[in-house]
2 protein chains.
Amino acid sequence: MAGKRSGKKRPQPGKSPRPTREPRGEPPLSLERIVATAVELLDTQGIDGLTMRRLADRLGSGVMSLYWHVDNKEDVFDLALDKVLEYRAPSDRAEPQGWRQEAVHVLEGWRASMLRHPWSASLLPRRALGPNILGRLELLANALSKAGVADADLNVAIWSLWNHVMGSTITRASFELTDDDQAAAQQRLAGLSERYPTIERSRLLLDSDWDGAFRKGLDYLLDGLAPIR
Amino acid sequence: MAGKRSGKKRPQPGKSPRPTREPRGEPPLSLERIVATAVELLDTQGIDGLTMRRLADRLGSGVMSLYWHVDNKEDVFDLALDKVLEYRAPSDRAEPQGWRQEAVHVLEGWRASMLRHPWSASLLPRRALGPNILGRLELLANALSKAGVADADLNVAIWSLWNHVMGSTITRASFELTDDDQAAAQQRLAGLSERYPTIERSRLLLDSDWDGAFRKGLDYLLDGLAPIR
DNA sequence: AGTTGACTAGTACAATGTACCATAGGACTA
DNA sequence: TAGTCCTATGGTACATTGTACTAGTCAACT
């Protein structure tokens, strides 16, 4: 947090006093810079690659300085996750497409964002909902509402779709392995193939059509959830 | 692994020489005991509660002794996860219910196992597939095959269903918080409610019917994936 | 009696998150 | 001008972790 003792308040983006301390070295620390660098690190080094020390190094600052802007490492994860899920608010006008296109658009965008940063998929299950996530949920809720889904059924619909996105993203991210791992998995499976004949036959782990599965499943869900097409 | 230098082999369960070292103190270490204790620890202390030292303490052994049976901590996670997903093979005879009941049964059992050990849900995305997971997938694949799903569509069907289970389990596990967190979440959301009116209205985060959502979504998926009822 | 191989465990180390403390400079007040 | 306070930085130090290295014990076999 900004201000150790202030408990919960982050610095208002309203005005920026900007002391401009450093003559010409590094720009001063800021939440944005910290989060952006954390995302960089996560993208390049993976989830275990993010350490406070490395983060500080990249920022050209001391480790403990980070803790002025951030509560702890968990906080960094939360912020990085939400950052990655930023979304462009739909340009209010235009897009009078059907509700269904709208919903599909929201969900596919969501999935795409997460696939762009594979660590986010395995992180999200443990983290709280940030504003951007909530924003996306709100968008989805709206689309469904417009589609005539009754308020009573709204939660079921939202969660089913959310689950589909989460599940397919996580699954895909965790199976998109390095070639080494891929080979190892194939190896291991081959050894046991007599016990899993059906899986073996369909080559489930090897050449699945992730995007196709996502789209198809999504269609079925939408068909069921809001029958009016 | 059993045998530091032997590389990859675990001790055959074939014969058990059982030196019966300890007179009457602790039973000797074994993979089974280690894994069972790890599960215990995970159940009671959560995912961060499992440390090699704590594990050794509970087992009444030295820390490094664990490493004779296990490669590293990751290995422990893998084994614990697979252990938790053990399943009773369906009693071959009997159960000539329809394929649909069969599929539903497999999937609900799966979900139930994971909900019984909430840490498993957040662990699975990062871990490899153990034999028990594969076994369950095989079961599912069989049911769908019997239902007349073409081989070409099998992967799509399996993944869609798997995604549904994973997603709904993970979502539920991560929202089943302590009352404190629950209150905090409500607090936070209330503060932002004007920005998320639809979500607020449906009380999405507060009183969702997880089981209902799971069942309903599952039905829609099955309807779509294997139209023959 | 000697050797081997399965197994146990202490010591030690490097990496990590972060509490605590000292500091510096600008802004504001007296 | 001097004093005080708030924002912000970062060094030092420590507890906790996973695990490499090493030495040991005991049973079985030669």
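Just the heavy atoms: all of them, side chains too, but no hydrogens, waters or symmetry mates, feed the values below. Numbered from 1 within each chain, the chains take letters A, B, ... in sequence-line order.
- In this structure, of C:dT18, D:dA8, D:dT19, it is D:dT19 that holds the atom nearest to the side chain of B:Val63.
- The listed nucleotides are C:dT18, D:dT9, C:dT8; the one nearest the side chain of A:Met52 is C:dT18.
- Picking from D:dT19, D:dG10, D:dT17 the nucleotide with the shortest atom distance to the side chain of A:Ser65 gives D:dG10.
- Contact detail for A:Asn132 and A:Leu85: the closest heavy-atom pair is CB-O, 3.5 Å.
- Counting to the nearest Å, the P atom of D:dA23 and the OH atom of B:Tyr67 are 21 Å from each other.
- Here the closest heavy-atom approach between residue B:Ala141 and residue B:Ile158 is recorded as CB-CD1, 3.7 Å.
- Relative to the side chain of B:Met64, the nucleotides C:dT11, C:dT16, D:dT12 differ in distance, and C:dT11 lies closest.
- Whole-Å rounding puts the B:Ile34 CD1 to C:dC7 P distance at 11 Å.
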If you apply the rule side-chain hydrogen bond (donor to acceptor under 3.5 Å, both in side chains), what do you find for A:Ser208 with B:Trp159, and how did you get there?
CA-CA 9 Å; A:Ser208 289; B:Trp159 282 133; 2.8 Å; yes

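- Atom P of nucleotide C:dA15 and atom CG of A:Leu50 are separated by 17 Å, given to the nearest angstrom.
- Between A:Asp48 and A:Thr51, the shortest heavy-atom contact is O-CG2, 4.2 Å.
- With rounding to whole Å, A:Lys73 atom NZ is found 15 Å from C:dA15 atom P.
- Whole-Å rounding puts the A:Leu31 CG to D:dA8 C1' distance at 13 Å.
- Where A:Arg53 and A:Ser61 each meet DNA chain D at their nearest nucleotide, the meeting point lying more 5' is that of A:Ser61.
- With respect to the salt-bridge test (charged N to carboxylate O, under 4.0 angstrom), the residues B:Arg111 and B:Asp211 qualify.
- Rounded to whole Å, atom P of C:dT18 lies 10 Å from atom CZ of A:Phe77.
- Look at CG on A:Asp48: it is 15 Å from C1' on D:dT19, rounded to the nearest Å.
- Going from atom CG of B:Leu55 over to atom C1' of D:dT19 covers 14 Å, rounded to whole Å.
- Residue A:Trp68 has its side chain nearest to D:dA8 when only D:dA13, D:dG18, D:dA8 are considered.
- A sub-4.0 Å separation between OP1 or OP2 of C:dA6 and a side-chain N or O of B:His69 is absent.
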